[in-house]
Amino acid sequence: MSRIACLRIPRFQIAVHRKYEPALKSKPLVLLASKSSAGVSNRALILMCSLEANLRHIYPGMKLSEARAVCADVVWRERDDKLYTDAQKKLVRTLITCSPKVTAEEPGLFLLDASGLKHLGGEGKFCRDVLKLSSQSGFIDGHVGIADSAFAAMVATRFKQKRWYLVPGEEDASFLAPLPIQHLPVSEDMQEALLGLGIKSMGQFAQLPENSLVERFGSEGSIAYALALGRDPRRPTLPPLQREFQCSMELGAPVELLNETLFVLKSMLDRLMDELKQAGLWADELIVSFYNDNDKFDERPIKLIRPSNHGKFLLEVVKLSLEAQPLKREFTGVGLAVSRFSEESWEQISYRTGEEPPAAKRGRRTEASRDEDAGALAAKYSEPTTARSRRPASVLSRGGADAVSDGALVSKSSAARTGEEPSAAKRGRRTEASRDEDAGVLKSEPTMLLLQRFMTRLGEEALVHPMANDQYLPEHAGVWLPVLQPPAARSVLPVNADYTRQNGDQEAPASGLVCRNTPEPIPVFVELQGAYPAAITYHGQWYLVKKITMPERLSGLWWERPVQKSYYIALIEPKKGNGSNAGSAREPANYSLVLLVRDHQEDGWFLEGFFD
Amino acid sequence: MSIQAQVATLKQHLEQLFPGKWLSGKERQQTLLTGITEIDRNLNRGLARQRITEWTGPASSGKSTLLRAAIANWCASGFRVAYVDTEGKLMAADWALSEKFWVVRLEGLYKGEQTPKGKERAQNALWSADQLLRSNIFDVIVLDLGEINHLSSRIYARLQHSLGRSKAALLIVRDGAPSSSAWGCHTQLSFHWGNAVQCEAGLDGIANIIPAIQCHVWRDGLSQTTEATPDSHVSNRLFTHPQVPDRRTPKV
């Protein structure tokens, strides 16, 4: 008699996002269905919600705008099937330590072979081990069921009060009999028809004659009938063999110098890359490990901003990593592994518009074409892209990118040289072409190398670009987005530039004074004259307030964390120098313009920035 | 017309179409106009390519306001600008100008750590500037050192060396007085608030304070003072996503 275990991780997709972004824990998180390059649409449908979001009355099927109206704190991410598949494969590999046969049925649902556990601690221990492994992989909220059939085991995981449930052997039918027919994987029409006939439990359903069920509902009825009796042909199987690309080297003597380290790594990289090329793959992530007498003292994962199987490029990346974080001691052995890889593919995009052609035109670039000069290729060839992200990745040079948008560049040419303000019409005309140019430059080889260097040395979020956010509190009115991350990946509602332009706001971004904020608000002591500050002190110095604006009073929305602040712009002057340079036209003025804030929640005054 | 003259004419035409890409030799030493008339028309004459320009001034002096206006002008003209923000004082809302404007933010690297405020931060800033120059992607690179004042002449020489192989202009921004050791600077500009302060009246008091910005330029042993007044226009960036009312009849 075979026994089958089922591990169910509820809201698996949400758990995966939280695993990779721990900051999302305990936040109301929703997954959106739409995927657009322009950003997140307010009308995007919600596919899945976290428990916290459910508690705030957000449910799948709602629009994002509706969810935001209900809960302003809601955080959203777009569905990423590749991420879920990777996480699922990883968990399958982990679960193999419990059982040799593991199959991933659907996201968050795994079948394991649980036969022959009598002398291995029993099924209870098996359930505990599976849950322990799942928790160690970052999925703490799991349920396990064991039964003779896969269907009964799956149903057994739905008891929320119990972390695991064991259905006794040969009692699947009696276990399923009192349970409602909603557990059966049948269409809504069939379910409604059965309920209309007064059949509410699987036991009642199993008592119906099979022939009449087949006559009325076809194969669907037949399958459901078998499941209700505890007959399920699904069995866990051996997981597909994972290809591994790794190598290690024992050195005769300890090595410390960078050049010698790179020499060793170069030969290993060349070997691994040859293997990858033969298999038609390229690397997404490398792991380099250093050993000293079998003691692994350093292991560094190296993420690549674009997949590659080019040894020279990867050696440079490894070199950057070693330069940024030098080894703390000498080593006698080194290991190199390709921890993530994907299928190599090359796509050609349109020369003029940058649009990708249909998949039918996809073809591999030849080896010879790879060696050609990047600049020469720029006008002819498109970028190689991964099938996963469809992100062009390599060879457009700056000149090539400009050539793509030549029409726009004619109009852009002389503005900076002459100091003229570009007209709105010109700006509108070139917006689209400018985007093409931006895309080209972003994917060019020098840019990719630059981004890789910054990511290796300073981290993924060091190189950013600012984006205006449609929020009214100053601290939320703009966000820093990593250059490689699309706006849709963050919870940002970008300001609609077209709408702003249509309403006559042409030259807005560069007007007004620039505020440079302090790392933390500086508490200040204020001397009031009526309702307005007359003098302030901070860092041990008194300043006279020469001029001050009316307050701009802003508060948070009532369902959010309460914020009540009054913002003042104040012209302050050191008290000692008061009057010494007021009348002198030659000496520079000795005053500062600061952002003074009265925080009504904390009942205090703070200096939050300097206008510079 | 000789071939050389024809080539020169062709270069001029191409330079009109693709500014900054057809320059060679002496021609590469052109300047990028800032778009701020008061700065461009005087001794400064814009920002010199392949040269170091230094902007200094107290923490509140108006230099960032003029810098942002210049960057907005360059981005609108199709140039790419990179900004190395050593102290992380920039507010994203103020600088959301264009996708051609990238910022290297170094302050996020030190979260939760105590020590590396001085030397390591300066090293990372200089490394970033060097890499940006070598990449030859950007037309203008702004190295904002904030309160860091210990750049030696060797560092200026190193930066100048990197600039020699690039077409970019390097702008070093610092809080404080102009440094005497910065012999490598092509032009130095020092900023202060001017004595003229413009106050915009609101319904019940002052709505906005806009002081003039005074600028002292040193170049080739000459100096000059000029004054600029920033624009006080405030853009509308709120509620720019008008909702389309859903008038469909709900299903019964």
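Values below: every heavy atom of this structure, side chains too, minus hydrogens, waters and symmetry copies. Naming convention: chains lettered A, B, ... in sequence-line order (proteins, then strands); numbering from 1 in each chain. Remember, it's a predicted structure, so these values are computed and weren't measured experimentally.
With sequence neighbours left out, the side chain to side chain donor-acceptor pair (under 3.5 Å) criterion links A:Asn517 to no other residue. Applying the side chain to side chain donor-acceptor pair (under 3.5 Å) criterion to B:Asp85, with sequence neighbours excluded, gives no partner residue.
Among B:Ile213, B:Ile210, B:Leu132, the residue making the largest number of heavy-atom pairs under 4.5 Å with chain A is B:Leu132. Between chain A and the residues B:Val104, B:Val103, B:Ile209, B:Leu203, the most heavy-atom pairs under 4.5 angstrom are made by B:Val103.
At a 4.5 Å heavy-atom cutoff, the contact between B:Ser128 and chain A is made by backbone and side-chain atoms alike. Both the backbone and the side chain of A:Ile569 come within contact range of chain B, judged by heavy atoms closer than 4.5 Å. For chain B, the nearby part of A:Ile548 is the backbone; its heavy atoms alone come within less than 4.5 Å.
No side-chain N or O of B:His192 forms a donor-acceptor pair with one of B:Ser61 less than 3.5 Å apart.
Looking at B:Asp144 and B:Arg174, no side-chain N of the basic residue comes within less than 4.0 Å of a carboxylate O on the acidic one, giving no salt bridge.
The only member of B:Lys63, B:Arg68, B:Lys89 that meets side chain to side chain donor-acceptor pair (under 3.5 Å) when paired with A:Asp612 is B:Lys63.
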